[in-house]
Amino acid sequence: MTAKIVVVGSFNADLVSYMERMPRPGETVHGERFATGAGGKGSNQAVAATRLGADVTFIGRLGSDVFANLAYEIWQAEGVNHDFVSRDNEVATGVAPILVDGAGENMIVVVLGANLRLRQSDIDAARDRIAEADLLIIQREINLDIVPYALRTAKELGVKTILNPAPADGAARETLELADILTPNEIELETLSGGAAEDLVAAARALLTRADQTAVVTLGAQGARIVKPAETAVVPTFAVDVVDTTGAGDTFNAALAVGLAEGMALPDAVRFANAAAALCVTKPGAADSAPYRADVDALLRSAT
Ligand code: RIB
């Protein structure tokens with residue numbers, strides 16, 4: 001069965017500098033390499049889910065500049081449906097200057113531009129497509145009024161949702177309540193919980209307001225922790241050589257969505273997502289480093 005997924009989210013042109021170590025404030029360091037690539041958490045998730053075999057529709061907004069071409073190139077090459085992408089004549093396509101150090105860790109600034117002008121009418125236009133989907137994924141790199149609107153629309157239509165609360169700052173509790181699954185990383189979880197909780201499980205549980213809500217907290221090299229109101233479990237990941245962690249969270253979210261939409265049990269979908277994210281970090285770039293299904297299946301087979 002082909003999973004049908006709708007991704008509402010951002011596209012950014014990633015402007016990536018690779019260096020041995022990050023500069024400190026006020027310091028200049030030499031970079032080793034520079035690359036421009038397709039990024040944005042939403043588009044990265046759409047590309048990754050398509051490479052994993054899903055039928056994906058992306059809803060977002062681009063500017064009318066040359067950076068928008070990077071989006072169309074990758075969507076067309078990979079087969080991401082972009083019927084519901086609108087263009088803005090006044091504001092530039094989102095951009096993300098990114099620094100990646102020798103250990104593959106990154107620092108990212110997003111200048112969201114056209115992503116912030118996504119409108120309710122863009123969601124309304126795709127209502128029938130959302131109704132046909134198995135799952136809708138959304139993040140927080142867009143006009144933030146749209147996040148609860150899209151989640152409510154999916155709920156009305158009986159479609160399950162994943163909210164990847166990234167970036168996490170200023171996320172309203174009422175918005176978190178609307179999602180079926182929340183997927184913060186540890187830093188986002190700390191931001192969402194105000195750093196108040198005693199431990200990770202307590203912090204994640206504090207976000208859950210319904211018995212049927214789940215948090216899946218990504219832990220990098222440790223894998224991911226599933227947190228439900230009454231149970232919790234860690235799903236370990238796969239040891240790989242890390243080149244660039246950019247886009248690993250996006251690949252994880254995409255794979256989790258694909259796994260669940262295909263009917264996998266949650267721990268199996270998280271293991272599938274860990275495998276996809278592990279492969280993603282072995283390559284440079286964001287959308288470009290998302291793995292194809294055959295490679296993820298091969299890694300899972302080799303580990304059993
Ligand atoms: O998650 C990685 C992404 O974050 C990058 O592609 C960048 O564009 C920012 O959105």
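Remember, it's a predicted structure, so these values are computed and weren't measured experimentally. By convention here, the first residue in the shown sequence is residue 1. Order of listing sets the numbers, starting from 1, for every ligand and every atom in it.
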Give the atoms of ligand 1, by number and element, whose distance to some non-hydrogen atom of [X] is under 4.0 Å.
{"X": "Ala286", "result": "6 (O)"}
{"X": "Gly39", "result": "6 (O), 8 (O)"}
{"X": "Asn12", "result": "8 (O), 9 (C), 10 (O)"}
{"X": "Val110", "result": "9 (C), 10 (O)"}
{"X": "Ala96", "result": "7 (C), 8 (O)"}

Salt-bridge criterion met for [X] and [Y] (N-O under 4.0 Å):
{"X": "Glu262", "Y": "Arg293", "answer": "yes"}
{"X": "Arg24", "Y": "Glu27", "answer": "yes"}
{"X": "Glu177", "Y": "Arg210", "answer": "no"}
{"X": "Glu174", "Y": "Arg152", "answer": "no"}
{"X": "Arg129", "Y": "Asp83", "answer": "yes"}
{"X": "Asp55", "Y": "Lys4", "answer": "no"}

Test side-chain hydrogen bond (donor to acceptor under 3.5 Å, both in side chains) applied to Thr246 and Asn106, Asp14, Asn44, the passing residue: Asn106
Ignoring angles and geometry beyond distance, decide whether Asp14 reaches within less than 3.5 Å of ligand 1 through its nitrogen or oxygen atoms.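 N/O-N/O distance under 3.5 Å: yes.
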Any N/O of Gly40 closer than 3.5 Å to an N/O of ligand 1? yes
Please test Glu156 against Arg127 for salt bridge (Lys or Arg N to Asp or Glu O under 4.0 Å), starting from the C-alpha separation and ending with a verdict. CA-CA 10 Å; Glu156 268 169 43; Arg127 204 177 154 87; 3.1 Å; yes
What is the closest protein heavy atom to [atom], and at what distance does it sit?
{"atom": "atom 2 (C) of ligand 1", "result": "Asp250 OD2, 3.3 Å"}
{"atom": "atom 10 (O) of ligand 1", "result": "Glu141 OE2, 2.7 Å"}
{"atom": "atom 3 (C) of ligand 1", "result": "Asn44 ND2, 3.7 Å"}
{"atom": "atom 4 (O) of ligand 1", "result": "Lys41 NZ, 3.0 Å"}

Check contact between Ser10 and ligand 1, using heavy atoms of the residue and a distance below 4.0 angstrom. no
